[in-house]
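Please read the structure below before turning to the comments.
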Amino acid sequence: MAIPINKSTFAPQKGSHDGEMVDTRDLKSLDHLDDRAGSSPARGTKNQRYFMKKETILLISAATLMTFTSCSKLGELSADNFTVTPNPLETQKGVVPATINGHFPEKYMKKKAVVTVVPELRYSNGAVEKGTTATFQGESVRGNDQTINYRMGGNYTMKTSFAYAGDNKAEMYLTFDARIGNKKMEVPAIKVADGIVATSELYKRTILSTQAAVAPDAYQRITKKKLDANIKFLIQQATLRKSELKNNSVQEFVKMLKQINNDREKLNLENIEVSAYASPDGGFNINDKLAGERQKVSEKYVNQELKKINIDAPVDAKYTAQDWEGFQQLVKASNIQDKEVILRVLSMYKDPQEREQQIKNISSAFRELADGILPELRRARLTINYETIGRSDDQILEQLKADPAKLSIEEILYGATLKSTTDEKKEVYLTAAKVYPNDYRAYNNIAALEFERGNYAAAKEYLLKIKSLPEANANLGLLALKDGDIATAERYIASATDANGLAEIMGNLNLAKGNYAQAEEDFAEVYSNSAVLAQILNHDYVSAAVTLKYIQNLDATSEYLRALMSARMNNNDDAAEALREAIKKDASLAKYAANDIELQKIEK
C-alpha cells in the first residue's frame with residue numbers, strides 16, 4: 001500500500017550548513033542545473049553536493065515506501081498451504097465434515113494482523129454455504145485466538161461441516177477476513193477440495209427394499225406337551241395305595257390317556273416315563289432296593305391302564321436310590337429354620353452317608369425334614385409325552401373361506417403366510433383385525449405390506465392405530481429413517497426391544513448414523529442392499545460381493561452398489577457393466593451417476 005509523501009518533508013530548510021535553500025520544484029529540470037553549473041570548480045562542487053542530497057532523499061523515500069508497504073499488506077496464500085481431509089469431501093450422517101490442516105508461511109502473519117479463515121462450500125448453481133470459521137492473530141494482538149509467529153509462521157487444524165444439499169459437484173473454498181489494525185486486507189480465496197462423495201446417502205435408497213418388521217404368529221401344527229402325575233409311598237414301603245391312585249394328578253393321567261386314544265387325529269402319544277425315588281435317609285442299599293420295587297409296581301400300573309384302553313405306547317422306567325437332587329430343591333423352596341446350614345452341608349459333603357449323618361446332627365432341623373421334606377421324596381412320577389396336531393395348511397385355508405371366526409388368531413395370522421400375493425395376504429390380515437380387533441399384529445403386518453409396496457403414508461396410518469407393539473415401533477422408526485429423520489427413528493427403535501426383524505432395522509439405523517462396522521454386524525444374517533452398502537462403506541468388499549450373490553431379487557440399486565464396489569476395487573469393466581444394468585432397470589440413475597464422484601472414470 002503506497003504512503004503519500006509530502007515533498008517539503010525532504011526539501012532542505014533555511015539555515016542548512018551550506019547556506020542555500022533548494023526548492024523541490026528545481027528538481028524537475030536537471031538539465032538547467034547542469035547549464036548553470038558551467039565549468040567553475042566552486043559551482044561544480046555545489047552541484048555535486050546537490051545531487052548527493054537528491055540521491056539520499058530518493059533512497060530514503062524508497063526505503064520508507066518499502067517498509068510501510070511490507071508492514072501493511074498480507075500476501076496471497078497458496079493451496080499448497082492447506083490440506084483437507086477427506087478430499088474429495090465425503091458425506092456422513094447427512095452432513096459433509098472436513099478437517100483442514102493449514103500453514104501460515106514465515107513472515108506472513110504481521111504482528112498486528114487478525115485473519116479469520118472462512119470455509120465455503122460453493123454449489124454448482126451458485127449458492128454458497130459457509131462452514132465453521134477459525135481466527136488467528138499476530139504477536140502484538142491482544143486476544144484469545146491462536147497466535148501465529150511472524151518470523152516462524154505456524155500450523156493449525158480446524159474442523160468444519162456443511163449440510164449436504166445433494167450437489168456432489170460442490171467445491172470447497174477458503175476465504176479470508178484479514179485485517180491489520182482497523183484496515184481490511186484483501187486475501188484471495190483458494191479452492192482446497194473438489195467434489196463430494198455421497199455414497200453414504202444411498203441408505204435412503206437402500207432402505208426402500210428393507211423388510212419391515214412382521215409380527216409373527218405362534219401357530220405350530222405339531223406341539224410337544226407333557227403331563228405329570230405323582231404317586232406317594234409310605235416310608236420303607238413300595239405298595240400302591242388306593243388313596244394315591246385316586247388323587248387328582250393320577251386321575252388326570254388316566255383321563256389324558258383316554259383322550260389321546262379317542263382323538264388320534266389331533267393327539268399323538270409318544271411315550272410314558274416312570275421315575276421312582278427313595279428319600280436320602282435310611283442308607284443306600286436299603287433305598288436302592290426300595291426304589292427299584294417302587295419302579296416295578298408303578299410300571300405295572302401304567303401298563304394295566306394302557307391295556308384297559310387298548311393303546312400301545314413305550315414305557316420307559318427308571319429309579320433313583322437316594323433323591324438328593326429333589327431333596328435340595330425342596331429345602332431351597334422351604335422355610336426351614338436351618339435351611340442355609342443344610343444347603344451348606346450338601347455343598348461341602350459329597351458322600352451320601354456323611355451327608356445323612358451331618359444333617360441328622362442338626363437335630364432341630366432333622367425333625368422338620370422328616371415331617372415336611374422326606375415324605376415328598378418317597379414317590380413315583382408318571383409322565384405322558386404327547387403331541388397336539390393342529391389343522392393342516394389346507395384345512396386352515398378351507399376354514400378361512402368357510403368361517404374364519406372358528407380359527408384362532410394364530411391360525412388366521414399363519415393363514416396369511418400361506419397366500420402368494422400381497423392383496424391376498426392383506427385380505428387375511430383384515431379378517432384377523434375384524435375377528436380379533438384387540439390383537440394389533442394384523443394392523444402391523446398390513447403396514448409392512450404397504451411399506452413393501454411403497455405406500456408409506458398408508459403404512460404409517462395403520463401403525464398409528466396400534467397402541468403397543470414392538471414391531472410397530474420398529475416400523476415407525478423405519479419410516480422416519482426413510483425420511484432422513486434419524487433422531488425420531490432412534491426414539492421409536494429404542495422402544496422396539498425384542499421386535500421380530502429388529503436386527504435389520506437396527507442395521508439401517510447404524511448405517512444412517514455412520515456406524516458402519518456396527519451396521520455390518522447387525523446385517524450378519526441379512527442379505528439386502530443395505531447390508532451391501534454397510535460393507536462397502538466399511539471397506540469390506542469381499543463380504544459385499546458375497547452378499548450381492550445371495551440377494552434374491554437384484555434391483556437397480558443392487559446393480560448400482562455392484563458398480564460402486566467394482567470401481568473401488570479398480571475393476572472398471574465390471575463397474576461399467578453393472579452401471580449399465582442399473583440404468584437399464586432405473587433410468588433415473590443415469591443422472592445420479594453423472595454426478596457421482598466415485599464413478600467419474602466409469603464409462604456410462
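Residue numbers count from 1 along this sequence. Excluded from the calculations below are hydrogen atoms, water molecules and symmetry mates; all remaining heavy atoms, backbone and side chain alike, are included.
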Check [Y] with [X], please: is the shortest side-chain N to carboxylate O separation under 4.0 Å?
X	Y	value
K426	E450	yes
K184	D177	yes
E171	R122	no
R580	E577	no
D167	K169	no

Distance-only side-chain donor-acceptor flag, [X] / [Y], under 3.5 Å:
X	Y	value
Q552	Y527	no
N155	H103	yes
D596	Y560	yes
T99	K159	yes

So which heavy atom on [X] is nearest to which on [Y], and how close?
X	Y	result
A448	A213	CB-O, 4.2 Å
F162	K130	CE2-C, 3.8 Å
A544	I536	CB-CG1, 4.1 Å
T133	T116	CB-CG2, 4.0 Å
S558	N553	OG-O, 4.5 Å
I602	L579	CG2-CD2, 4.2 Å

Stepwise side-chain hydrogen bond (donor to acceptor under 3.5 Å, both in side chains) check, T547 with Q535: CA-CA 9 Å; T547 302; Q535 289 159 342; 3.0 Å; yes

For the side chain of [X] and the backbone of [Y], is there at least one donor-acceptor N/O pair under 3.5 Å apart?
X	Y	value
N508	E504	yes
T91	G94	no
N445	V214	no
E490	L509	no
N149	M152	yes
D439	R441	yes
D586	S588	yes

Between F104 and Y156, ring centroids under 6.0 Å: yes

Close aromatic pair by centroid cut-off 6.0 Å: Y150 and Y108: no

Stepwise side-chain contact (heavy atoms from CB on, under 4.5 Å) test for D522 and N510: CA-CA 9 Å; D522 293 332; N510 280 308; 2.8 Å; yes

Other residues, nucleotides, ligands: >12 heavy atoms within 6.0 Å of [X] [atom1]:
X	atom1	result
E76	CD	no
E139	CD	yes
N125	CG	yes
Q92	CD	yes
Y492	OH	no
K584	NZ	no
K465	NZ	yes
K111	NZ	no

Over-ring placement of K482 relative to Y456, 6.0 Å and 45° cut-offs: yes

Interatomic distance, [X] atom [atom1] to [Y] atom [atom2] [nearest 0.5 angstrom]:
X	Y	atom1	atom2	answer
L502	E471	CG	CD	9.0 Å
E452	S209	CD	OG	10.5 Å
T160	L121	OG1	CG	9.0 Å
L554	Y550	CG	OH	13.5 Å
L202	L533	CG	CG	6.0 Å
S543	L548	OG	CG	11.0 Å

May I ask you to test the [X]-[Y] pair for a side-chain heavy-atom distance under 4.5 Å?
X	Y	answer
L479	D485	no
K585	E559	yes
E120	E129	no
V117	T175	no
P105	N81	yes
I100	V192	no
V115	T135	no
E90	S200	no

Pair Y203-S530, side-chain contact (heavy atoms from CB on, under 4.5 Å): steps then yes or no: CA-CA 7 Å; Y203 86 87; S530 291; 5.9 Å; no

Side chain to side chain donor-acceptor pair (under 3.5 Å) partner of N529, the single match among T557, T210, D555: D555

Stepwise salt bridge (charged side-chain N to carboxylate O under 4.0 Å, His left out) test for E598 and R568: CA-CA 8 Å; E598 294 212 62; R568 288 194 175 194; 2.8 Å; yes

Residue pair N473, I493: steps toward the side-chain contact (heavy atoms from CB on, under 4.5 Å) verdict: CA-CA 6 Å; N473 286 322; I493 293 172; over 6 Å; no

Mutual orientation of the aromatic rings belonging to Y541 and H539 [parallel < 30°, tilted 30-60°, perpendicular > 60°]: perpendicular

Parallel, tilted or perpendicular: rings of F176 and F82 (30°, 60°): tilted

Stepwise side-chain contact (heavy atoms from CB on, under 4.5 Å) check, F451 with N475: CA-CA 9 Å; F451 185 91; N475 289 331; over 6 Å; no

